[in-house]
There are 2 protein chains.
Amino acid sequence: MPYHDHVSDSPEFKADSPTPVYVQVADYIAARIASGELQPGARLPAERDMSRDLGVAYDTIRRATALLRERKLIVTVVGKGTYVVER
Amino acid sequence: MPYHDHVSDSPEFKADSPTPVYVQVADYIAARIASGELQPGARLPAERDMSRDLGVAYDTIRRATALLRERKLIVTVVGKGTYVVER
DNA sequence: TGAAATTTGTGCGTATGTATT
DNA sequence: GAATACATACGCACAAATTTC
């Protein structure tokens, strides 16, 4: 892994938006799935890593992934990780 | 309001149980609804009050009420409160 | 008008437990 | 057993919606 594997800039999640940050994050991830950047079966970064990388709290990531699980876009397996659903 | 409006003892929620505390709390509230102690339309105590009264974290109450909302046993209105659903 | 009180919603940080590798 | 990753639980602070005065 390079020292700087920073490919795409993290979007700025705005706390002052009427849209909660966790929804912004969920939409951001959903968009990456929709665009094909995240393929079916692909594993998402660990939630703590996403928390750090996206500059939001772990709790916020948890809310975002909970939304995406409800939307059936991802599945989460304890101890393994979070994956883009196979279509 | 009396100084001590402590009618029924709070059950002991066990953190070491395989059943998460928030599920135990949800089941406890569901049982009070099923028994008729909490009638349809009745407002539940404020979540922060339940947190204090039941001796669990606000986060835990939030998880419990989220479960009950999913089960359609209660409805929550921001700024108003949480109510037992009208049958 | 609007200010205060009440209640739920969101966001952050931390610690510990459980499951998988 | 160790490392990794999700799950639960606690505490705190501030924002938003509702009601009341």
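Residue numbers begin at 1 in each chain, while the letters A, B, ... track the order of the sequences.
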Give the rounded distance in Å between these two atoms: CG of B/Leu68 and P of C/dT8. 13 Å
Taking atom C1' of C/dG11 as reference, at what distance in whole Å does atom CG of A/Leu54 sit? 15 Å
Closer than 4.0 Å, any side-chain N/O of B/Thr60 to the OP1 or OP2 of D/dT8? no
Check whether any side-chain N or O of A/Thr82 sits under 4.0 Å from OP1 or OP2 of D/dA5, and answer yes or no. no
If you look at every strand shown and take non-hydrogen atoms under 4.0 Å, does A/Thr65 touch a base, only sugar-phosphate, or nothing? nothing
Rounded distance (Å) that lies between atom P of D/dT4 and atom CE of A/Met50: 17 Å
Please give, in whole Å, the distance from D/dA3 P to A/Asp49 CG? 16 Å
Measure the shortest side-chain to side-chain distance between A/Tyr83 and A/Leu44 over non-hydrogen atoms and say whether it is less than 4.5 angstrom. no
Provide the closest heavy-atom pair for A/Gln24 versus A/Phe13 in the form atom of the first, atom of the second, distance. OE1-CA, 3.4 Å
Under 4.0 Å between any heavy atoms, over every strand shown, what does B/Tyr58 touch: base, sugar-phosphate, or nothing? Just pick one. base
Indicate whether OP1 or OP2 belonging to C/dT21 is found under 4.0 Å from a side-chain N or O atom of A/Lys80. yes
Please tell me which of A/Val21 and A/Val78 maps to the more 5' nucleotide of DNA chain C, matching each residue to the nucleotide holding its nearest heavy atom. A/Val21
Selected nucleotide, minimal atom distance to A/Glu47 side chain, candidates C/dT10, D/dA9, D/dC6: D/dC6
Using whole Å, what does the distance between atom C1' of nucleotide C/dC12 and atom CG of B/Asp59 come to? 12 Å
Measure the distance from CZ on A/Arg52 to P on C/dT14 and round it to the nearest whole Å. 14 Å
Let's see if you can work this out: which of D/dC6, C/dT7, C/dC12 has an atom nearest to the side-chain heavy atoms of B/Arg43? C/dT7
5' priority, DNA chain C, between A/Tyr22 and B/Ser17 [closest heavy atom]: A/Tyr22
Heavy-atom nearest nucleotide on DNA chain D for A/Asp16 versus A/Gly81: which residue maps closer to 5'? A/Gly81
Output the rounded distance in Å from CG (A/Leu67) to C1' (C/dT10). 13 Å
Spacing of CZ belonging to B/Arg32 relative to CG belonging to B/Asp27, to within rounding of 0.5 Å: 13.5 Å
May I ask you to decide if B/Thr76's main-chain N or O and B/Thr82's side chain share a donor-acceptor pair within less than 3.5 Å? no
Just the rounded figure in Å: distance from P of D/dA5 to CZ of A/Arg48. 11 Å
So does B/Arg63 get a side-chain nitrogen or oxygen closer than 4.0 Å to the phosphate oxygens (OP1/OP2) of D/dT8? yes
So OH of B/Tyr28 and CG of B/Leu54: to nearest 0.5 Å the spacing works out to 6.0 Å
